[in-house]
Amino acid sequence: MAFAEDWWKDSFATEGSSPCDNNDSIVTITDKSVDMWEVGCRLDKVQKINRLDAVILDMTCTDDEQGAEKRRELLLKLDNKVLRYPQNEVLQRCSELKAQPGLTPKPGLDPKARPDPKG
């Protein structure tokens with residue numbers, strides 16, 4: 001687990017989405033970069049906001065089609081999650097996005113073929 005001041009450095013994905021090993025909403029943030037599905041960003045400046053668990057990230061982002069662009073994002077810590085603004089997106093740590101039990105049917109069982117509760 002990251003130190004308290006480094007809570008924003010980790011791999012995240014959209015809240016409630018699939019585990020990160022097969023997820024295109026993954027965002028990996030380090031002290032030098034922010035890497036997303038098709039966009040990579042170099043952190044130019046990180047500003048910690050006093051008395052809040054929040055940081056402002058100033059970055060230069062590049063992709064294969066549009067070249068470089070400047071971006072600014074706010075990350076706000078929410079308990080075990082992170083609010084990413086201006087996307088207004090809630091992110092969960094990849095370590096907390098586990099496969100949901102009961103969502104994958106067991107082999108040989110048809111979820112539609114349930115016994116009639118009336119007998």
Side-chain angles (χ1 to χ4, degrees):
M1 183 63 62
F3 292 108
E5 65 271 7
D6 294 337
W7 56 265
W8 51 276
K9 296 178 188 175
D10 207 345
S11 289
F12 301 91
T14 303
E15 177 183 36
S17 64
S18 61
C20 288
D21 56 351
N22 189 23
N23 190 329
D24 63 4
S25 74
I26 190 169
V27 179
T28 302
I29 305 169
T30 69
D31 57 344
K32 295 181 181 7
S33 67
V34 178
D35 294 307
M36 295 163 275
W37 177 247
E38 293 182 342
V39 178
C41 302
R42 182 189 76 242
L43 283 178
D44 300 321
K45 185 177 181 182
V46 176
Q47 301 174 61
K48 296 178 182 178
I49 300 175
N50 288 338
R51 296 187 296 271
L52 283 177
D53 282 334
V55 293
I56 296 173
L57 306 178
D58 289 306
M59 52 195 151
T60 303
C61 300
T62 56
D63 64 22
D64 293 336
E65 298 173 4
Q66 297 181 0
E69 70 172 321
K70 296 283 187 179
R71 291 189 188 179
R72 174 176 269 187
E73 291 186 6
L74 169 72
L75 301 179
L76 178 65
K77 184 178 179 185
L78 308 170
D79 294 324
N80 294 330
K81 298 176 181 138
V82 174
L83 174 65
R84 184 178 179 203
Y85 185 83
Q87 295 87 343
N88 203 28
E89 176 180 49
V90 177
L91 302 174
Q92 277 183 280
R93 292 183 190 282
C94 285
S95 59
E96 295 176 5
L97 280 171
K98 306 291 184 208
Q100 300 293 323
L103 290 183
T104 52
K106 294 181 182 176
L109 294 180
D110 182 355
K112 297 176 189 166
R114 295 187 180 159
D116 185 6
K118 297 178 185 171

### Query
Under the side-chain contact (heavy atoms from CB on, under 4.5 Å) criterion, do Lys70 and Asp58 qualify, and how do the steps go?
CA-CA 7 Å; Lys70 296 283 187 179; Asp58 289 306; over 6 Å; no
### Task
Grab the two heavy atoms, one from Trp7 and one from Leu75, that are nearest each other, plus how far apart they are.
CH2-O, 3.5 Å
### Query
Should Leu43 and Asp31 count as side-chain neighbours, where that means a heavy-atom distance under 4.5 Å?
no
### Query
Any salt bridge between Asp79 and Lys81, counting N to O under 4.0 Å?
no
### Message
Please report the interatomic distance CG(Leu83) to CG(Leu78), rounded to the nearest 0.5 Å.
### Response
5.5 Å
#### Entry: Interatomic distance, Asp21 atom CG to Ser11 atom OG [nearest 0.5 angstrom]
11.5 Å
### Query
Leu57 and Ile49: same hydrophobic cluster, using ILVMFWY side-chain contacts below 4.5 Å?
no
### Query
Is a donor on one side and an acceptor on the other found under 3.5 Å between the side chain of Thr30 and the backbone of Lys32?
yes
### Query
Does a side-chain heavy-atom distance below 4.5 Å link Arg93 with Asn80?
no
### Query
Under a 4.5 Å side-chain heavy-atom rule over Ile, Leu, Val, Met, Phe, Trp and Tyr, are Met36 and Trp8 clustered together?
yes
### Query
So do Phe12 and Ile29 actually touch side chain to side chain, heavy atoms under 4.5 Å?
yes
### Task
Flag yes if Val34 and Ile26 sit in one hydrophobic cluster, no otherwise; membership is Ile, Leu, Val, Met, Phe, Trp, Tyr, and two members link when side-chain heavy atoms are under 4.5 Å apart.
no
### Query
Got a second to check how far Glu69's CD is from Thr60's OG1, nearest 0.5 Å?
9.5 Å
### In one Ile/Leu/Val/Met/Phe/Trp/Tyr side-chain cluster, 4.5 Å: Met59, Val46
yes
#### Entry: Check: Asp10 and Thr28 side chains under 4.5 Å, non-hydrogen atoms
no
### Task
Identify the heavy atoms of Leu97 and Gly16 that sit nearest to each other, and give their distance.
CD2-N, 4.1 Å
#### Entry: Heavy-atom closest pair, residues Ala13 and Cys94
N-SG, 4.4 Å
### Non-hydrogen atoms of Asp35 and Gly40 that approach each other most closely
OD1-CA, 3.8 Å
### Query
Going by heavy atoms in the side chains, are Arg71 and Val39 under 4.5 Å from each other?
yes
### Message
Quick check: do Glu89 and Thr14 have side-chain heavy atoms less than 4.5 Å from each other?
### Response
yes
### Message
To the closest 0.5 Å, what do you measure between SG (Cys61) and CD (Glu73)?
### Response
7.0 Å
### Task
State, with a plain yes or no, whether a side-chain heavy atom of Arg84 is found less than 4.5 Å away from one of Val27.
yes
